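The next block holds one structure in the form of structure tokens; read it before the comments.
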Amino acid sequence: MDLRRRPPKPPVNSNPNGSSYPSSYQPRSSDDDHRLRTASIAPPPKASDALPLPLYLTNAVFFTLFFSVAYYLLHRWRDKIRYNTPLHVVTITELGAIIALIASFIYLLGFFGIDFVQSFISRASGDAWDLADTIDEDDHRLVTCSPPTPIVSVTKLPIPEPIVTEALPEEDEEVVKSVLDGVIPSYSLESRLGDCKRAASIRREALQRVTGRSLEGLPLDGFDYESILGQCCEMPVGYIQIPVGIAGPLLLDGFEYSVPMATTEGCLVASTNRGCKAMYISGGATSTVLKDGMTRAPVVRFASARRASELKFFLENPENFDTLAVVFNRSSRFARLQNVKCTIAGKNAYVRFSCSTGDAMGMNMVSKGVQNVLEYLTDDFPDMDVIGISGNYCSDKKPAAVNWIEGRGKSVVCEAVIRGEIVNKVLKTSVAALVELNMLKNLAGSAVAGSLGGFNAHASNIVSAVFIATGQDPAQNVESSQCITMMEAINDGKDIHISVTMPSIEVGTVGGGTQLASQSACLNLLGVKGASKESPGMNARRLATIVAGAVLAGELSLMSAIAAGQLVRSHMKYNRSSRDISGGATTTTTAT
Ligand code: ADP
């Protein structure tokens with residue numbers, strides 16, 4: 001029960017210098033730091049420390065005493081009634097038992113009762129502790145700038161030289177102090193101040209003071225913090241700059257696209273650009289969307305494998321599909337259930353729902369639809385225990401054969417024929433060398449490595465760069481980069497047919513990060529910004545084909561570089577500048 005007791009509030013204004021910061025937030029030397037670190041690990045003294053026995057033993061003694069004397073006295077009471085002995089006549093033993101009962105009752109009331117009442121009073125007062133109490137213990141460190149008492153030994157980074165931060169307006173300085181004192185939780189700044197930029201600035205300042213580390217170099221100005229509120233990022237303190245390069249024109253299905261790529265990998269844009277050029281001169285690429293369906297697969301449990309199997313038969317029975325679709329599609333005017341597949345593992349069923357989601361990537365939409373169906377199913381399967389809305393058979397952001405085989409998001413195949421002379425002149429290699437390398441590297445090599453959907457040279461490079469530029473979820477790069485690159489000599493070995501088949505490109509042009517200004521500008525450049533006016537889903541599908549087209553260009557160029565033995569040379573040129581990264585020199589010389 002000791003754990004349930006609230007720790008005392010951290011002392012404020014208790015420092016010798018009269019500052020309102022808790023001592024651990026004062027600018028300090030590294031010697032101080034060690035002392036404070038060890039001090040913060042020692043628990044504060046408690047009243048219970050004065051007890052002769054450990055608290056749990058004292059509690060056990062008083063519990064036992066209370067119940068045993070209560071039992072004894074009830075026994076005596078029954079005997080007195082049975083033998084007509086007056087109740088007020090008590091023996092010495094009975095008197096001792098009554099005193100012990102009262103004493104143990106007072107102890108237990110003091111220990112549990114007062115604590116119980118206190119908790120009500122402090123909850124009603126709504127102080128900062130109460131707010132923190134509603135939050136998971138693990139999150140507490142994240143959401144306020146006051147670190148909780150660690151339960152394990154924590155080694156903090158050594159504090160470098162004292163940082164000099166910008167002077168804040170007086171009222172902001174007050175708020176920073178409140179955050180540092182734990183009076184205002186850091187996460188609540190936006191709602192309390194009603195100004196997201198100011199909230200970010202104050203949080204950033206508090207963070208710098210807590211850590212003693214400067215955030216100089218991480219920009220704060222020039223970003224619309226309102227646009228990410230409740231949608232893209234919590235507790236912002238700035239934003240990361242990633243350069244955006246342009247590869248293209250990518251000639252795909254008769255359209256020219258300038259493909260934005262956000263990356264810090266030298267050579268990547270240049271290489272993709274070279275692939276686009278080779279494709280362009282050869283007449284461009286053609287793409288086909290094979291499938292378009294986002295998936296979600298909850299895991300549900302029954303008392304028996306038989307019942308789990310009954311659910312599978314019910315869900316996969318074509319006669320039930322229309323009813324399920326009506327229930328599912330209520331989640332959004334864009335969600336349309338396509339199919340339901342159920343896999344059994346013992347008493348557990350994994351139900352993979354697939355649906356079209358218009359121009360949205362669709363995770364929210366499909367999850368809402370699944371929730372609707374699960375609620376509906378409780379009528380026929382009241383014994384169904386929903387363990388989780390996602391049971392990993394979906395499968396989101398994890399390498400999984402199910403996506404590789406069944407597809408997730410948009411399944412796209414993209415192809416091009418590159419003339420032999422272009423292979424020689426632009427790509428500086430030969431058709432035969434490319435075909436052989438593809439066989440031994442992308443097919444046999446990946447098979448030897450036991451790869452899951454990684455039968456390509458670097459699809460994830462292009463996928464990640466386009467995803468970041470266009471506001472997609474970069475974590476979905478895991479499955480979106482699954483790709484098999486095929487190369488075949490055609491026209492009597494003169495030309496090459498190259499294709500990429502990507503079963504799980506998960507993209508959207510509405511929702512998530514796509515509505516942010518920079519990402520939205522990149523979508524606009526591609527002509528796929530927002531919801532399609534022609535037909536819902538058209539923009540997202542087109543974006544998926546652009547991703548595949550850019551991957552095709554990237555594959556063509558990198559494979560050519562490897563076949564020609566150029567890879568290391570070009571990386572040394574574009575990716576390995578000899579800039580002194582120790583912070584001293586500022587000149588950049590390009591190694592050759
Ligand atoms: P996701 O399902 O990808 O997480 P969101 O739920 O964040 O996407 O965004 C989709 C929202 O955009 C939905 O509220 C949907 O009604 C709306 N929306 C507007 N136009 C479209 C469209 N053409 N396709 C899909 N969703 C659209």
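Residues take their numbers from the sequence shown, with the count starting at 1. None of the values given here were measured: they were computed from a predicted structure. Ligands are counted one by one from 1 in listed order, and the atoms in each one are counted from 1 as well.
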Handout entry: Criterion ring-ring contact (aromatic ring centres under 6.0 Å, His included) on Tyr376 and Phe328, from CA distance to verdict
Key = CA-CA 9 Å; Tyr376 166 79; Phe328 185 99; over 10 Å; no
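- The residues lining ligand 1, counting any heavy atom closer than 4.0 Å, are Phe334, Thr357, Gly358, Asp359, Ala360, Met361, Gly362, Met363, Asn364, Met365, Val510, Gly511, Gly512, Ala531.
- Considering only residues two or more places apart in sequence or on other chains, Ser227 meets the side-chain contact (heavy atoms from CB on, under 4.5 Å) condition with Asp224, Leu516.
- A cation-pi arrangement, defined by a distance under 6.0 Å to the six-membered ring centre and an angle within 45 degrees of its axis, is present between Arg542 and Phe255.
- For the residue pair Ser481/Ser460, the side-chain donor-acceptor check at 3.5 Å is not satisfied.
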List, one per line, each side-chain donor-acceptor pair under 3.5 Å for residues 522-533, sequence neighbours excluded.
from: Ser532; atom 1: OG; to: Glu534; atom 2: N; distance (Å): 3.2
from: Ser532; atom 1: OG; to: Ser535; atom 2: N; distance (Å): 3.1
from: Ser532; atom 1: OG; to: Ser535; atom 2: O; distance (Å): 3.0

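- Contacts of Tyr225 classified as ring pair (Phe, Tyr, Trp, His ring centres under 6.0 Å), with partners at least two apart in sequence or in another chain: Phe223.
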